[in-house]
Amino acid sequence: MEKMNQNKAPIHEALERFRKMRVVPFDVPGHKRGRGNPELKALLGEQCVNLDVNSMKPLDNLCHPVSVIKEAEALAAEAFGADHAFFMVGGTTSAVQAMVWSTTKAGDKIILPRNVHKSVINALVLNGAIPIYVNPEVDHKLGISLGMTLEEVKSAIEDNPDAKCVLVNNPTYYGIASDLKGIVDLAHSYGMKVLADEAHGTHLYFGENLPVNAMAAGADMASVSMHKSGGSLTQSSMLLTNKTVNWEYVSQIINLTQTTSASYLLLSSLDISRRNLALRGKDSFNKVIDMAEYARAEINAIGGYYAYGREMTNGSSVYDFDVTKLSIYTRDIGLAGIEVYDLLRDEYDIQIEFGDLSNILAYISIGDRIQDIERLVGALADIKRLYAKDPKELMSAEYIAPRVCISPQGAFYGAKESVPMKETVGRICTEFVMCYPPGIPILAPGEIITDEIIDYILYAREKGCSMQGTEDPEMNRLNVLKL
């Protein structure tokens, strides 16, 4: 097949043509190119509000693309090595959920690691599929889940041969990659689909010496957060499918929940960002890798911190490592990750991606500069000098694998009662409890509450983690199944 011209950006070009036509708008949006909302125009600028337009024939329609959006998605599919690409304007959450709903229905089993993003479990709440969790190994020092080993996945498949699919994080928030190619080959040999959550893996399609991307590994579907490492606007994402998937059916699933008023600001940002990555992605991500590796070496030279990298690989639970992820263990200086996160923001005007109870993550991407890296390294050295404490004062912050009793849907929609948190031990949770970011539930609907989990939640809240998911905004009470 003849290669497409990756210099093109069909949606962006159509918007530019439309802007020059000076069309009089008697359609939505009601701000009418910003005239009806001058404060919005002042905030976003005239060019931006001029391009916030409705679907129309010259601009195509995301729910049923036939022209410029169709061409833009085809260019994206080629650039990412996929059979088909869908532009998503509901974030990678919408792409993840479309993958789950395209492969499972009520009562179907899905094999997945427990350290998934809440969007995956939300999808199960809504469609009634049954999670078969593979509890990955835990790094006891770092307090994080590692990847799924091939042996763990094989055991789960053999115990559940009727499962429809396997979902894999590629990579995790912290940079840990499983043996995706091995998992794909194994699952396919049992007739199961493989779904890849690549919210943190856009760069895997363009960088060198990085973990394998989902399409190259033969996965059936992948959700790719273009707005994270790909450079598009927040909330814009892609869903990629391989030849093994009926993309027309996936399109129907997407349109069950997708807006009929897709933002052309988001769509054009996906189009332009795909072009940027197709033309310059290799060089851009090689620079990102160099910056991250430089930062890793400088931070480790400070002492007390541990910026982990490829040395973690072991051929199984850490099959590969994404070196663009600057994940840093902080507990040896006596500070929880969230405390370092707060200090960086409040005292040094540095906003990093997140801090958990043991680690911080500084997201290095195509927009970073070496002087920014130097500022981060200097601030971390300063924090160690000024704020370090005795690490013995910190509680153990290891990831706790919960025990599932009933399906997420059964628990979420079941008869429930609100109980003071400390009195919920032994009960079945009916809601989510999580720190966000990273958005991996500490508790999800259908799981047993234990003393250990309660202590972890209270400690995370005390240290300043942003706690979400409960009906009680203060998180003093939890909803549990009625006895």
Side-chain angles (χ1 to χ4, degrees), residues 6 11 62 69 72-103 116-117 119-120 123 167-173 175 177-178 180-181 184 193-207 210-245 247 250-251 253-254 258 262 266-278 280-282 284-285 288 320 322 324-325 363 365-366 438-439:
Q6 290 290 336
I11 300 172
L62 185 62
I69 296 176
E73 290 182 335
L75 282 160
E78 181 185 87
F80 282 81
D83 180 59
H84 198 89
F86 293 95
F87 283 7
M88 308 294 289
V89 293
T92 307
T93 288
S94 62
V96 165
Q97 293 179 344
M99 290 197 308
V100 173
W101 296 334
S102 296
T103 49
V116 289
H117 187 262
S119 58
V120 179
L167 185 140
V168 186
N169 294 318
N170 192 49
T172 69
Y173 224 141
S178 300
L180 183 57
K181 180 71 168 65
V184 166
K193 300 287 190 204
V194 176
L195 319 177
D197 181 349
E198 290 187 315
H200 302 282
T202 307
H203 49 288
L204 304 185
Y205 289 85
F206 302 96
L210 291 171
V212 67
N213 66 69
M215 292 297 103
D220 301 280
M221 304 175 77
S223 302
V224 178
S225 255
M226 278 289 280
H227 71 93
K228 290 191 173 77
S229 60
S232 64
L233 289 178
T234 296
Q235 202 176 309
S236 59
S237 184
M238 285 192 201
L239 175 57
L240 307 177
T241 63
N242 240 322
K243 285 185 167 62
T244 52
V245 170
W247 69 263
V250 176
S251 176
I253 294 293
I254 289 169
Q258 179 158 261
L266 298 182
L267 294 175
S268 59
S269 84
L270 283 169
D271 197 22
I272 293 166
S273 299
R274 179 272 314 153
R275 179 174 65 183
N276 181 46
L277 295 185
R280 294 176 284 275
K282 182 179 172 183
S284 296
F285 288 121
V288 170
D320 205 347
D322 174 9
T324 72
K325 298 290 187 294
Y363 215 94
S365 77
I366 57 177

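A 4.5 Å side-chain heavy-atom check between P211 and P171 finds every atom pair outside the cut-off. Annotation: side chain of D322 is in contact with side chain of L210 (closest heavy-atom distance under 4.5 Å). F285 has its side chain within reach of L277: a pair of non-hydrogen atoms, C-beta onward, lies under 4.5 Å apart. In this structure the side chain of M238 never reaches within 4.5 angstrom of the side chain of F86, judged on heavy atoms. Looking at heavy atoms from C-beta onward, I11 lies in side-chain contact with I69 at the 4.5 angstrom threshold. In this structure, L62 and Q258 have side chains that are in contact, with non-hydrogen atoms separated by less than 4.5 Å. Put simply, the side chain of H227 does not reach to within 4.5 Å of the side chain of Q235, judged on heavy atoms. Taking 4.5 Å as the limit, every side-chain heavy atom of H117 sits out of range of all side-chain heavy atoms of V96.
Between the side chain of E73 and the main chain of H84, no donor-acceptor pair closer than 3.5 Å is present. Side chain of N242 to main chain of A219: a donor-acceptor pair is present (N/O by atom type, distance under 3.5 Å, no hydrogens or angles). A donor-acceptor pair is defined here as one N or O able to donate and one able to accept, closer than 3.5 Å; such a pair exists between the side chain of R274 and the backbone of Q6. Between the N170 side chain and the V212 main chain, a donor and an acceptor come within less than 3.5 Å of each other. Within the 3.5 Å criterion, the main-chain N or O of T244 finds a donor-acceptor partner in the side chain of K193. Between the side chain of S119 and the backbone N or O of T93 there is no donor-acceptor pair closer than 3.5 Å. At least one donor-acceptor pair closer than 3.5 Å links the side chain of S94 to the backbone N or O of G91. Side-chain atoms of S237 come within 3.5 Å of backbone N or O of V224 as a donor-acceptor pair. Using modelled atom types, one side-chain atom of T202 and one backbone atom of S225 make a donor-acceptor pair closer than 3.5 Å. Side-chain atoms of D220 never come within 3.5 Å of backbone atoms of L195 as a donor-acceptor pair (strictly under, hydrogens ignored).
A perpendicular orientation is assigned to the rings of F206 and F80, their planes being inclined by more than 60° (bins at 30° and 60°).
Note that CE of M88 is 9.0 Å distant from CD of Q97, once rounded to the nearest 0.5 Å.
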